[in-house]
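Here the structure is laid out as C-alpha cells; the discussion comes afterwards.
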Amino acid sequence: MFPVRPAATDATPGEPFPMDTAQPLVGQVAVITGAGRGIGAAIARQLAQLGATTVLCGRTQATLDATAVTILNSGGKAEVIPCDVTILHQLEYVAARVNSTFGRLDILVNNAGIGGFQEPLHILLPDDWDRILNTNLRGVYYAIRALAPLMIRAYSGHIINISSLAGKNALPNGAAYAASKWGLNGLSYSVAEELRGHNIRVSVICPGSTETELGPHAGKDPKKMLQPEDIAHAVAMLVTQAPQSFVSEILIRPTQKP
C-alpha cells in the first residue's frame, strides 16, 4: 500500500468545494476499478491530475503499484487496494477502507473488464461465459452495491461505467462480451434513475476501438485507434460538469476508422 497525501478537509460530503480551476477535484475521493493498466490507469492519472485522491483497485498488485508510482511522482494522491470485482466481500472491504480512511466517496469508475472475441456463442464454454459476465456485469453490480451507500449518505456523487460500442452494435464471435456490455448499458440507465433522487449522477461511456490489451486489434492501425487517454478525457468532462445537469451517455469513436 502506498502512502497517501492527506486529502483536503475544507469541504464536507455534498457541499461545494472551493473551486480551483486547475484542480477542480481537490478534496474529492475517487475509486477506479481495473486501475492497473490501459483505460483504468489513464483514468486514475487524469483524476489525480485534477486533484482527486485516487483509490486504485484491481487484481494485480504490481500493475496497481506502477500506476500509483506514476501518480505520486507527478505530485498526485493515490492508494492501492487490491481486489477482485467478482468477489463481493472484497469490494465491501474497499468500501470500509475508503470510509475509515477518507470518510467520503465522490467518484466511482467501474472500469474493470475482460474481453472474449474468439468463438461463436454455440461453442463458447460455459466457464468462459461466466468469467466474462461475472467481471463485466456482475462486478459493476457488486461495486455499486458496496460503494453507492457512501454517496447516498453524502447526497452527492458520480458513478461512471465504462462500457463499449459492442453494447450498441452486433459483435460476431463476441456475443458474451456484447451481452455483458448491453447489460451494463441497461444497468447504467436504470441505476441512474434510481439514484437521481440522491443527487448521484450515473453515466456510461461506450468507446470504440481502443488501443489496449483487451480487444482484438488484428489488421487495425493503432495510430488511428482511440487511446486510453481519450476515455480518461471523457471521464474528466463528466465529473466536472455543472451541478444542475448530467450527461448520461457518451459514445466515443476514433476520428478515422482504424
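Numbering of residues begins at 1 and proceeds along the displayed sequence.
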Hydrophobic cluster (4.5 angstrom, side-chain heavy atoms) - remaining members for [X]:
X      : result
Ile123 : none
Leu165 : Leu251
Phe246 : none

By side-chain hydrogen bond (donor to acceptor under 3.5 Å, both in side chains), Asn111 pairs with (sequence neighbours left out) none

Who passes side-chain hydrogen bond (donor to acceptor under 3.5 Å, both in side chains) against Ser180, sequence neighbours left out?
Asn136

Considering only distance and modelled atom types, tabulate donor-acceptor pairs under 3.5 Å from the side chains of residues 80-96, sequence neighbours left out.
{"unit_1": "Asp84", "atom_1": "OD1", "unit_2": "Thr86", "atom_2": "N", "d": "2.9"}
{"unit_1": "Asp84", "atom_1": "OD1", "unit_2": "Thr86", "atom_2": "OG1", "d": "2.8"}
{"unit_1": "Asp84", "atom_1": "OD2", "unit_2": "Thr86", "atom_2": "OG1", "d": "3.4"}
{"unit_1": "Gln90", "atom_1": "OE1", "unit_2": "Asp84", "atom_2": "N", "d": "2.6"}
{"unit_1": "Tyr93", "atom_1": "OH", "unit_2": "Arg97", "atom_2": "NH1", "d": "2.9"}

Sequence neighbours left out, what pairs pass salt bridge (charged side-chain N to carboxylate O under 4.0 Å, His left out) with at least one residue falling in [range]?
range            : value
residues 119-132 : Asp128-Arg131
residues 235-258 : Lys168-Glu249
residues 228-248 : Arg45-Glu229
residues 181-201 : Glu193-Arg196

Between atom [atom1] of [X] and atom [atom2] of [Y], what is the distance when rounded to the nearest 0.5 Å?
X      : Y      : atom1 : atom2 : value
Arg104 : Gln28  : CZ    : CD    : 6.5 Å
Ile160 : Ile231 : CD1   : CD1   : 12.5 Å
Tyr177 : Leu171 : OH    : CG    : 8.0 Å
Leu238 : His233 : CG    : NE2   : 10.0 Å
Asn185 : Ser190 : CG    : OG    : 10.5 Å
Ile39  : Gln227 : CD1   : CD    : 10.0 Å

Can you see which heavy atom on [X] is nearest to which on [Y], and at what distance?
X      : Y      : answer
Ile252 : Ala234 : CD1-CB, 3.8 Å
Ala35  : Thr67  : O-OG1, 3.0 Å
Ala166 : Ala178 : O-CB, 3.5 Å
Gly116 : Ile132 : CA-CD1, 3.9 Å
Ala112 : Thr33  : N-OG1, 2.9 Å

With heavy-atom distances below 4.5 Å as the criterion, would you say the side chains of [X] and [Y] are in contact?
X     : Y      : value
Ile71 : Leu56  : yes
Ile32 : Val235 : no
Cys57 : Val31  : yes
Thr60 : Leu64  : no

Looking at Ile159, Leu108, Ile144, which one forms a side chain to side chain contact (heavy atoms under 4.5 Å, CB included) with Ile200?
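Of all the options given, the one that passes is Ile159.
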
Name the residue from Val204, Thr210, Ile43 that meets the side chain to side chain contact (heavy atoms under 4.5 Å, CB included) definition with Ile162.
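Testing Ile162 for a side chain to side chain contact (heavy atoms under 4.5 Å, CB included) against Val204, Thr210, Ile43 leaves exactly one candidate, Ile43.
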
Same hydrophobic cluster for Ile114 and Trp182, using side-chain heavy-atom links shorter than 4.5 Å among ILVMFWY?
no

ILVMFWY cluster, Tyr189 and Ile205 together (side-chain gap under 4.5 Å):
no

Sorted by chain and residue number, the side-chain contact (heavy atoms from CB on, under 4.5 Å) partners of Leu137 (sequence neighbours excluded) come out as Leu133, Leu184, Leu187

Residues passing the side-chain contact (heavy atoms from CB on, under 4.5 Å) test with Gln49, sequence neighbours excluded, are Gln46

Any donor-acceptor pair under 3.5 Å from Asp106 side chain to Val29 backbone
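Flag set: sc Asp106 to bb Val29 pair under 3.5 Å.
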
Side-chain donor or acceptor of Thr53 paired with backbone N/O of Ala30 under 3.5 Å
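The answer is no, because no donor-acceptor pair under 3.5 Å joins these two groups.
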
For Leu105 and Val55: C-alpha separation, side-chain torsions, deciding distance, then whether side chain to side chain contact (heavy atoms under 4.5 Å, CB included) applies.
CA-CA 10 Å; Leu105 176 63; Val55 179; over 6 Å; no

